[in-house]
Amino acid sequence: MEFILVEKHVKPFVSLIRLNRPKELNALNLQLMQEIKGALLDLDEDENTRVIIITGNERAFAAGADIKQMAGKGAVDMLKIDQFTTWDTIKKTKKPIIAAVSGFCLGGGNELAMICDMIIASETAQFGQPEINIGVMPGAGGTQRLTRAVGKAKAMEMVLTGSFISAQVALALGLVNKVVPVELYLEEAFKLAAKLAEKSPIAIQMAKESVLKSFEMPLQEALFFERKNFYMLFATEDQKEGMAAFVEKRKADFKGK
Ligand code: CAA
């Protein structure tokens, strides 16, 4: 890995992916995205990882796709490279992913944060889709996920003007889960990860999948999908353990079986 650092089981059942192109503000070049894809595929298979955190550094989560790498490309080149298919793999990750964001979270960086399941932001975080300023538009989900997160008016403003919003505004609009002082954003992400890591990983997977269906399916089918997942969980040992623990007034010990 050249552009990311992966720390497996840095906390119990929690693994960390750190974007590591600090001089370029973690601009997402093709190799970096391939490395994220590889790391996520690996962590999704890893028995001892239940939650994944993706982070950058204090100055930048990521300042977008690598403009220098794209600058000379034509439409046919872009079609052939088809860089956003990599993102489909990220979307298919079964385990929950938390983005721990500080500093610039722009363009593809914001799209990467939004493809994660939850976002913890530092007070210094700035979110934006500034592609319009360089003659293009968001291409990795920005027009869709941002609109679903913050609503049409604000998404239209951000996408058409390229203006950034602060962490506090992002919180008020529902783009992020929590805003904390900069020295605490990673710690806060670990706290959230620890909460998820102690649940049944199978129930977490089914629940994540069901929430995501709300963006993709009509309500009636999505409700049916949810119901099937709920019933399916009664085939797990974790359901037996979870309910027995409640009845016996003790903490459940979920094994992911
Ligand atoms: N691609 C490539 N390099 C980038 C980059 C990017 N997206 N963002 C920053 N960098 C590089 C800069 O070129 C600079 O490199 P050099 O030192 O070699 O000149 C270095 O990172 C530091 O950046 P700045 O000197 O510009 O830092 P700053 O503090 O003055 O400004 C910034 C910070 C406002 C984030 C500014 O760098 C900026 O506007 N970056 C581009 C943001 C952007 O347009 N993102 C969208 C990209 S397109 C996209 O993402 C498409 C998609 O949907 C996937």
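Throughout, numbering of the chain's residues begins at 1 and tracks the sequence. Just so you know, ligand 1 is whichever comes first in the structure, and atom 1 is the first atom listed for that ligand.
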Can you tell me which residue and heavy atom of the protein come closest to atom 7 (N) of ligand 1, and the distance to 0.1 Å? A65 O, 2.9 Å

Relative to ligand 1, is E111 under 4.0 angstrom through side chain, backbone, both or neither, heavy atoms considered? side chain

State which residue, out of L28, L32, I36, fulfils the side-chain contact (heavy atoms from CB on, under 4.5 Å) condition with F3. L32

Pairwise distance OH(Y231) to CD(E226) - rounded to 0.5 angstrom: 10.0 Å

Carboxylate-amine/guanidinium contact K8 D42, below 4.0 Å: yes

Considering only heavy atoms, does D66 approach ligand 1 within less than 4.0 Å through its side chain, its backbone, both, or neither? both

Hey, is atom 18 (O) of ligand 1 under 4.0 Å from any protein heavy atom? yes

Kindly write out the residues that satisfy side chain to side chain donor-acceptor pair (under 3.5 Å) with E209, not counting sequence neighbours, or none if the list is empty. N229

If you scan protein heavy atoms around atom 29 (O) of ligand 1, the nearest is R59 NH2, 2.9 Å

My question is simple, although I want it checked carefully: is atom 1 (N) of ligand 1 less than 4.0 angstrom from any protein heavy atom? yes

Electrostatic pair R21-D66, nearest N-O below 4.0 angstrom: yes

Check R250 with E241, please: is the shortest side-chain N to carboxylate O separation under 4.0 Å? yes

Using a 4.0 Å heavy-atom cut-off, which part of R21 comes near ligand 1: side chain, backbone, both, or neither? neither

Can you confirm whether K37 is buried at NZ, in the sense that more than 12 heavy atoms of other residues, nucleotides or ligands lie under 6.0 Å from that atom? yes

Between A63 and ligand 1, which residue portion shows a heavy-atom distance shorter than 4.0 Å: side chain, backbone, both, or neither? both

So, for atom 15 (O) of ligand 1, does the protein have a heavy atom nearer than 4.0 Å? yes

